[in-house]
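First comes the structure, then the notes that go with it.
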Amino acid sequence: MTTQKKINACLKACTALLLAVSFALTFTVSDYYIFNRIDVFGFFAVCQWIKKAGLLLLPLAVFYDKTTCAQTAKYFLPVFVIASCFTFGGFFDVTVITPDSTPAELVYAHINGFIPKAANISLFFVSNALYLVICSLLFVRDGFKIKAKCFVYFPAAVAACIPLNFFENFFDINDFPEDHFLRFGNFTVWHLLAVLALAVFTIAFYFFLRRKERKIQNEYLIAAAIVLLIQYHSKDSVIMGDGYNVYNTVFACVPLFICNLGVYVAALSVIVKKKTLYSIAFYVHAAGALSVFVYFGRDEMSDYGIFCSYSILYFCLTHCILFALSTLPAALGHYKFRLKDIIIPLIYYFCVIIIASVASALVTSASMSFSYNGYTLSESEWIIPNYAFTQINPLPFTVPMVKLTIWKYDLSLLYILGLYAFYVGIFFTFNAFYYAFINIRKAILKRKA
């Protein structure tokens, strides 16, 4: 093996390890807790933000040989990585426990604190060492050249990986009553803007990519997939620190919501380029993402806050990227589907519903005996993960209860079957829109020719 090959092998191994360690760190309360508390954590929070951008730049530099990303990373990242080693302050002592914490909140905090402080500290410094090793190897591999583009790529990467709870530094949600104009809800002006954002983002991305070479299109789609994964996993830490929507325990991080699974399926579909994965992303997850933009569920199920709260920004950004990744390869002509291609997505979705139903019931049943310091959760405090909406009906009407008992919890069998049938209808409707788009696209291209 040549020296160059050894360096590339080390780079890939170290980058993969960095991604694994960074993933583990998202399950620590402190990871994203700092970004809406800039007044407390100051420059350290900025360093951590820049390091998040490194999780976008380094995979592109190492696994996809993007020279400009490599130059950007090796010149900018080390400064902030080293600075973070000396400015962490009370980062490792972050806790959501206060003198006013209720007994139930103490139980939840005990569940969420499954990664001990010593492990958090170790993972933090291991990740910093990996950043520096990777940047050093990039210097060894590529030398000291630097292009002017680096000064464009760096702020672009930082902007793409912005911690979405950063905007909470500028307002206090308690200052906005439930009926305030800025509060997000179904069929408000903010709902309309969210739907427009989905359409504008996807259409703009399509027009940006359509005249580029296939290789360049794939690279942009992969970059978007990495951004999606980074932003998606911000939720892990937010849930355990400040809460996301109505969820506040690590059980909500289990990816059994349809769009949670979609993040992985859509990202993998553009990275490994397998038609089976892409058909699942296209039929199941694009249709699912679109459906939740049309109707967000009953207002009492959600607590999105105002339009620039973390919950709504996270929801809109991740679902916009998910929808784009699930539809653009077909729109750009990378894949063509026939009706039979919907069979695997239908089987996949059926399996997801079964697994999500069982998992939801098991988590709730287990939570009935969760306790800490002598206090056991009461019925109103049980954990309802509601994976794939299998426990709580988001529609504004009730479904007759046909009991399906799993351990200690009763699910509605009729509702779950109806939920599956409802989404199957969405899949076929989405398929009809796909064929309409293909025919319109053909007509336009023929006319231009």
Side-chain angles (χ1 to χ4, degrees), residues 24 26-33 93-117 119-120 165 173-174 178 233-257 260 297-305 309-311 314-315 353-394 398-399 401-413 415-416 419:
T26 65
F27 292 100
T28 57
V29 173
S30 54
D31 191 39
Y32 272 79
Y33 188 86
D93 297 311
V94 166
T95 176
V96 296
I97 297 173
T98 69
D100 299 323
S101 295
T102 66
E105 288 170 343
L106 294 176
V107 175
Y108 299 147
H110 178 65
I111 294 168
N112 292 336
F114 66 96
I115 295 182
K117 179 179 176 180
N120 188 8
N165 57 345
I173 192 61
N174 296 315
E178 291 295 327
H233 281 292
S234 70
K235 178 168 61 70
D236 305 338
S237 180
V238 172
I239 280 175
M240 297 185 291
D242 293 310
Y244 162 67
N245 204 350
V246 295
Y247 300 101
N248 50 23
T249 69
V250 71
F251 290 103
C253 300
V254 178
L256 283 174
F257 284 99
N260 292 167
R298 290 181 282 117
D299 286 341
E300 61 268 26
M301 288 176 59
S302 303
D303 180 22
Y304 289 111
S309 295
Y310 173 82
S311 288
Y314 165 85
F315 185 93
I353 285 291
I354 298 300
I355 295 170
S357 299
V358 173
S360 296
L362 292 178
V363 170
T364 302
S365 298
S367 73
M368 295 176 186
S369 58
F370 285 169
S371 62
Y372 178 70
N373 209 21
Y375 179 82
T376 302
L377 295 178
S378 64
E379 183 173 352
S380 63
E381 297 161 344
W382 292 342
I383 297 171
I384 310 291
N386 194 31
Y387 300 133
F389 295 105
T390 52
Q391 290 175 292
I392 302 173
N393 179 2
T398 58
V399 176
M401 182 71 170
V402 178
K403 283 187 181 181
L404 173 65
T405 303
I406 298 178
W407 194 4
K408 304 175 189 177
Y409 188 80
D410 295 329
L411 292 168
S412 173
L413 180 60
Y415 163 67
I416 291 171
L419 183 67

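Keep in mind it's a predicted model, so treat the numbers as computed, not measured.
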Any [X] side-chain heavy atom under 4.5 Å of [Y] side chain:
| X | Y | answer |
| --- | --- | --- |
| Thr249 | Asn112 | yes |
| Glu381 | Val107 | no |
| Thr398 | Tyr415 | no |

Once rounded to the nearest 0.5 Å, what's the spacing between atom [atom1] of [X] and atom [atom2] of [Y]?
| X | Y | atom1 | atom2 | answer |
| --- | --- | --- | --- | --- |
| Ile239 | Tyr244 | CD1 | OH | 8.0 Å |
| Asn260 | Lys235 | CG | NZ | 4.5 Å |
| Leu411 | Ile416 | CG | CD1 | 4.5 Å |
| Ser371 | Leu106 | OG | CG | 12.0 Å |
| Tyr32 | Met240 | OH | CE | 12.0 Å |
| Met368 | Trp407 | CE | CH2 | 9.0 Å |

Step by step, work out the side-chain contact (heavy atoms from CB on, under 4.5 Å) result for Phe370 and Ile111.
CA-CA 9 Å; Phe370 285 169; Ile111 294 168; 3.6 Å; yes

Please check this pair: side chain of [X] against backbone of [Y], looking for a donor-acceptor N/O pair closer than 3.5 Å.
| X | Y | value |
| --- | --- | --- |
| Ser365 | Lys408 | yes |
| Tyr33 | Thr28 | no |
| Thr98 | Asp100 | yes |
| Thr102 | Glu105 | yes |
| Asn245 | Asp303 | yes |
| Thr95 | Ile97 | yes |

If every non-hydrogen atom of Val29 is compared with every non-hydrogen atom of Gly241, which pair is closest and at what distance?
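Shortest heavy-atom contact: CG1-CA, 3.7 Å.
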
Looking at every non-hydrogen atom in both residues, tell me the closest pair between Val94 and Ser30 and how far apart they are.
CB-CB, 3.8 Å

List in chain and number order the residues that pass ring pair (Phe, Tyr, Trp, His ring centres under 6.0 Å) with Tyr409, two or more places apart in sequence or in another chain; answer none if no residue qualifies.
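Ring pair (Phe, Tyr, Trp, His ring centres under 6.0 Å) list for Tyr409, sorted by chain: empty.
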
Under a plain distance cut-off of 3.5 Å, with no hydrogens placed, do Asp31 and Ser237 share a side-chain donor-acceptor pair?
no

Side-chain donor/acceptor pairs under 3.5 Å, residues 383-394, sequence neighbours excluded:
residue	atom	partner	partner atom	Å
Asn386	OD1	Thr390	N	3.4
Asn386	OD1	Gln391	N	2.8
Asn386	OD1	Ile392	N	2.7
Tyr387	OH	Phe251	O	2.6
Thr390	OG1	Ser360	OG	3.1
Thr390	OG1	Tyr387	O	2.7
Gln391	OE1	Asn386	N	2.6
Gln391	NE2	Thr364	OG1	2.8
Asn393	OD1	Leu395	N	2.9
Asn393	ND2	Phe397	O	2.7

Any salt bridge (charged side-chain N to carboxylate O under 4.0 Å, His left out) pairs touching residues 241-257, not counting sequence neighbours?
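Every salt bridge (charged side-chain N to carboxylate O under 4.0 Å, His left out) pair that includes a residue of residues 241-257, provided the two are not neighbours, is Arg37-Asp242.
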
Please find out if less than 6.0 Å separates the ring center of Tyr247 from that of Phe257.
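Centroid distance Tyr247-Phe257: below 6.0 Å, so yes.
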
